[in-house]
Amino acid sequence: MKSILLIAASEWRYWLRSHLALAAALIFFVLIIAVSVLTAARMEAEKHARSHQQAEAEETFLAQPDRHPHRMVHYGHYLFRTPAPLSIFDPGLDTVTGQSIFLEGHRQNTVMFAESSASADFGGLSWLSPALVYQLFAPLVIILLGHGCISRERESSVLTPLLAMGISGHQLILGKALALVSFTVLLLLPLIASGAIALANGESVVALLSLFGVYGAYLLIWVILTLLISATLSKRSTALGAMTGLWIGFCLVLPSIAVNITTDAKTVAGKIETDLTMLSDLRKLGDGHNANDPAFQQLRADLLKQHDVERIEDLPVNFRGVVAMASEEKLTKVLNEYAESRMLAELQQEQHLLDYGLLTPVLAIASASRAIAGTDLAHYHHFQREAEAVRFDFVQGLNRAHVEELSYENDINRNKDEASWQRARIDASNWQVLEKFEFQTTNISERVSTVSSSIQMLLLWMLIAFGALLWRGGKIKP
Amino acid sequence: MFVYPQHSGFNAMKLQTHSLHITRSGKEILKGITFAVDTGEVYALLGGNGAGKSTTLLSFLGFLSPSSGTIQVNNKDVTSDVASARKMIAYLPESASLYEHLNARENIEYFLQLAGTSANKNDIDAALDRVSLAAEARLRKLRDYSKGMRQKVAIALAILRDTDVLLLDEPTSGLDPSAIDEFHQLIRSLADSGKTILMVTHDVYGACQVADKIGLLRNGTLVGEFTAQGEESIDTETVHKAFSSSIGTSSHAEPA
C-alpha cells in the first residue's frame, strides 16, 4: 500500500511540476463554472417565469366573469412545467420538449415552448450544460492527464528501474489510478455546488448522492480506459492518439449512429398521422355539443327512465351538460389510449437507444443523469399525465356546473336575444374548479428504478475495464 | 588466462545460470549460457551489439523468462521468486533512466522509498560525494544533467540501496575518462566490501582493469571466460584479441 501511495504522490508531483494538472484543471473549472452559472441562471429565470406565468394563468381563469360554462371549457387554461431542481445541472429534455400546455375540452394539446425561451435559443446555443461538460469534456481532461501515466515511464525508460525496485505492475497501475482518481474527485467538486443549489430548491440528498455516484462511476471508467491504453502502448503520442480516437468514437460517433439506427428501427408514428386516425375514432363517439346526436340516444333514454319523465325538458338536470360530461369521459378514454400508446412507443425507442450503452458508456450516463435530475422522457410523460388529469378534472368540473347550475331551457334558448344570453350564464364562483398546479419530479427511488439498466451498464463497463486493467498490470514489463 | 566455461553444476554462487535459453519475439537471444558469479566478485560480460548482454541482466531481474535452463540469485530460482531476486539486486540501466523533473536528491529519495528503504540527507550527500557529483548540481533537475551526471546519480542510488548484488548495464557509458577511473575504483571497493557485481560492457580495457572474471558473449553463446590470477588483472591483450575476433574486427585495434 505504501508503494501505491508513493507512486500516486509522485504522479501528482509530476503533474504539478509540469503544470499539466494545473492547466487541465484550470481549463475544466473555468468551463464548468461558466456553464454552471449560465445554466443555473437560465433555469432559475425559467423557473420564476413559469411559476409567474402559472400563477397568472390561474388568476386570469378565475377572474373570468359570469359566462356560459361551456365557453369556459373552451376558454381553457395553461399549465407550465416547473423545471426540476437538478435541471440547473442537467436540463435534459427540457430544452427540446417544450414547457407549457394549453388545456381545453375535448382535446389533448401538445406541449409547446414558452415564448421567452423559444425565441432566445433558436440556434441551440444554450445546449452546453454542466452535465454535458462532465459527459464530454471531463473525459478529455482525464485523457490529457492520464495518457502518459505509464507510457511516459516506458518511453523515458524509467519503467525498468522502477520495476527492478520490486514494484509490481499492479502496484504501479494502482498508484497511477489513485492519482488519477483523486484528480477526478476534484473534477467532481463543482457538481457539489450545483447540488447544493438543487438541495436548497427542494431536491433530496439521495438524488445528489446518486448523481455523484453515477458520474463518479462514469469518470472512473475513463480513468481505467486511459490507464489501460497507457499501459498497453509504448509511446505517449500513440496513447494520446488512441484515447482521443476512443473519445471521438464513444462521445460523438457512436451516440450519433445509435440515435440514427434507433430512429429507423423503432419508428414512432408522426403526430399528423396519429391525429388523423384518432379523429376518425373520436367522430364515432358522437358530437358532445349536440344533445340530439344519435350517439347519446341511449343516454337520453336511460336518464328519462331514471327520472321517470317523458321529455328532457322535464329532467331535473341540464341534459346538454350531461351529454357534455359523458362525451368528455368517452373522448378522454380514447385520447388517453392514444397518448399512452405514443408514450409507450417513445419509451421503447428510448430503451432501444439505451441498449447501445453497451457500446459506449456515454449513452448510459446521459440516460442515468437525466433520470436522476428529473429531466428525462419519463418526467416529460409524467407532466403530460398530470396535465391531462388537471384538464379532465377542470373540464368535468365545468360540465358539472353546466349540468347543475344552468337549466336546460335557458341553455337551449341562449341565442334568442340578449336577455336569454344573459340567463344562460352562470356565476363566476363556479370557475373555482382549478387546483393550484406545480409540477413536481417523482421521488428519487422511482427515478433510480427507471435507470437501473443504465446503472448496471455503467457497472458492467467499470468491471470489464478494471478486469482488463488488472490483467494488463500483471503483464507490464520494460 | 583463457578458459572455456565448464560450469556443470551449481555451487553456492550469488548469481548463476545453467544452460540458459531466452527467446524474444520468436528469436533465440541466449543459447544455453552457463556462468556463475561468486560473492565479492566482479564479473564483466563482454560482447558486441546483440550478443545478449542486456538480456542476461534482465533475466536476473525476472523480466524475461527462460525458455529452458535455470537462472538463480543467491541459490534461489528467479522465475519462481522474482520479488526476492529484485530485493537483492540494484540495477543500473545503460541510460541511467531517472525522473527528469526531479533533482538528484529527490530521485534517490523516491527510488529508495519504493525499494522499501530510506536515507537521510547526509547519507545521500555522502553517496553523491562518493560518485563525485558536484554539490551545486544536486538541487538541479535531472533534465539539466549530462549523461555522465545522471549515471553518477544512478550509481549513488545503487550504492545507497546497499543490496548484495549490483547489475550494471554499460555503467561507464557517457562518463569522462577520469570519472571512469573513479568508477572502476568504486566498483572495486564495493566488491571488496562483499558486493557481487555483474556488469555488461563493450569496454575491454575497463573490464580487464576491474573484473575478476570476464565472460565473452557472441550471438547468445558464452564463447570464453577469463579469470584474474591472484593480484594480477586479466590480460587486456588476450581479451581484446578474443573480443575482436568474436565481433569480427581487427585484433590489432587499440583497447577502448
Side-chain angles (χ1 to χ4, degrees), chain A residues 1-24 145 148-179 230-232 234-236 472-478, chain B residues 24-25 54-55 57-65 73 78 81-103 106-118 141-143 147 150-151 153-155 157-158 160-161 163 165-169:
Chain A
M1 187 62 197
K2 193 185 167 197
S3 304
I4 293 170
L5 291 174
L6 279 169
I7 292 165
S10 169
E11 191 65 19
W12 264 103
R13 184 158 59 176
Y14 171 76
W15 289 339
L16 293 172
R17 289 199 180 171
S18 67
H19 304 298
L20 191 61
L22 286 177
L145 212 62
C149 273
I150 297 164
S151 56
R152 185 184 66 242
E153 310 280 28
R154 184 178 280 119
E155 200 173 42
S156 62
S157 303
V158 180
L159 192 58
T160 312
L162 207 59
L163 296 175
M165 290 286 159
I167 296 300
S168 71
H170 286 136
Q171 285 173 316
L172 180 66
I173 275 185
L174 289 174
K176 300 289 185 179
L178 183 62
S230 185
T232 306
S234 55
K235 288 191 173 174
R236 261 188 297 179
R472 188 68 194 85
K475 294 192 169 299
I476 284 186
K477 284 192 174 166
Chain B
R24 293 176 87 173
S25 310
S54 297
T55 300
L57 290 193
L58 294 178
S59 304
F60 277 108
L61 290 163
F63 291 139
L64 300 166
S65 300
V73 174
V78 172
D81 192 0
V82 176
S84 296
R86 288 181 189 170
K87 264 187 188 157
M88 293 188 66
I89 296 172
Y91 169 65
L92 181 64
E94 182 184 358
S95 54
S97 310
L98 296 162
Y99 287 107
E100 304 256 308
H101 63 284
L102 304 181
N103 64 35
E106 288 168 337
N107 260 299
I108 289 172
E109 279 170 349
Y110 177 57
F111 278 101
L112 285 179
Q113 284 173 336
L114 283 182
T117 59
S118 61
K141 305 281 184 293
L142 256 70
R143 70 171 70 97
K147 193 177 175 188
R150 288 171 201 217
Q151 201 77 348
V153 178
I155 295 164
L157 172 60
L160 282 163
R161 273 198 69 194
T163 52
V165 178
L166 270 83
L167 300 184
L168 313 174
D169 195 349

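In the text below, chain A, chain B and the rest are named by the order of the sequence lines, each starting its count at 1.
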Does the pair B/Glu106 and A/Arg17 meet the rule for a salt bridge (Lys or Arg N to Asp or Glu O under 4.0 Å), with working shown?
-> CA-CA 13 Å; B/Glu106 288 168 337; A/Arg17 289 199 180 171; 2.7 Å; yes

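- From B/Leu114, atom CG reaches atom CD1 of A/Ile167 across 4.5 Å, with rounding to the nearest 0.5 Å.
- B/Phe111 has its side chain out of reach of A/Leu6: every pair of non-hydrogen atoms, C-beta onward, lies at least 4.5 Å apart.
- Between the CG atom of A/Leu5 and the CD atom of B/Gln113 there is a distance of 11.0 Å, given to the nearest 0.5 Å.
- Using a 4.5 Å cut-off between heavy atoms, A/Gln171 makes no contact with chain B at all.
- Both the backbone and the side chain of B/Leu102 come within contact range of chain A, with heavy atoms under 4.5 Å apart.
- Judged by distance alone, the side chain of B/Arg86 and the main-chain N or O of A/Met165 form no donor-acceptor pair under 3.5 Å.
- Atoms OH and CD, on A/Tyr14 and B/Glu100 in that order, are 10.0 Å from each other to the nearest 0.5 Å.
- The number of heavy atoms from other shown groups lying within 6.0 Å of NZ (B/Lys87) does not exceed 12.
- Side-chain atoms of A/Glu153 and B/Tyr99 include a donor-acceptor pair closer than 3.5 Å.
- Neither the backbone nor the side chain of B/Leu112 comes within less than 4.5 Å of any heavy atom of chain A.
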Donor-acceptor pairs under 3.5 angstrom involving side-chain atoms of residues 155-164 of chain A: please list them, not counting sequence neighbours.
from	atom 1	to	atom 2	distance (Å)
A/Glu155	OE1	A/Arg236	NE	3.2
A/Ser156	OG	A/Arg152	O	2.9

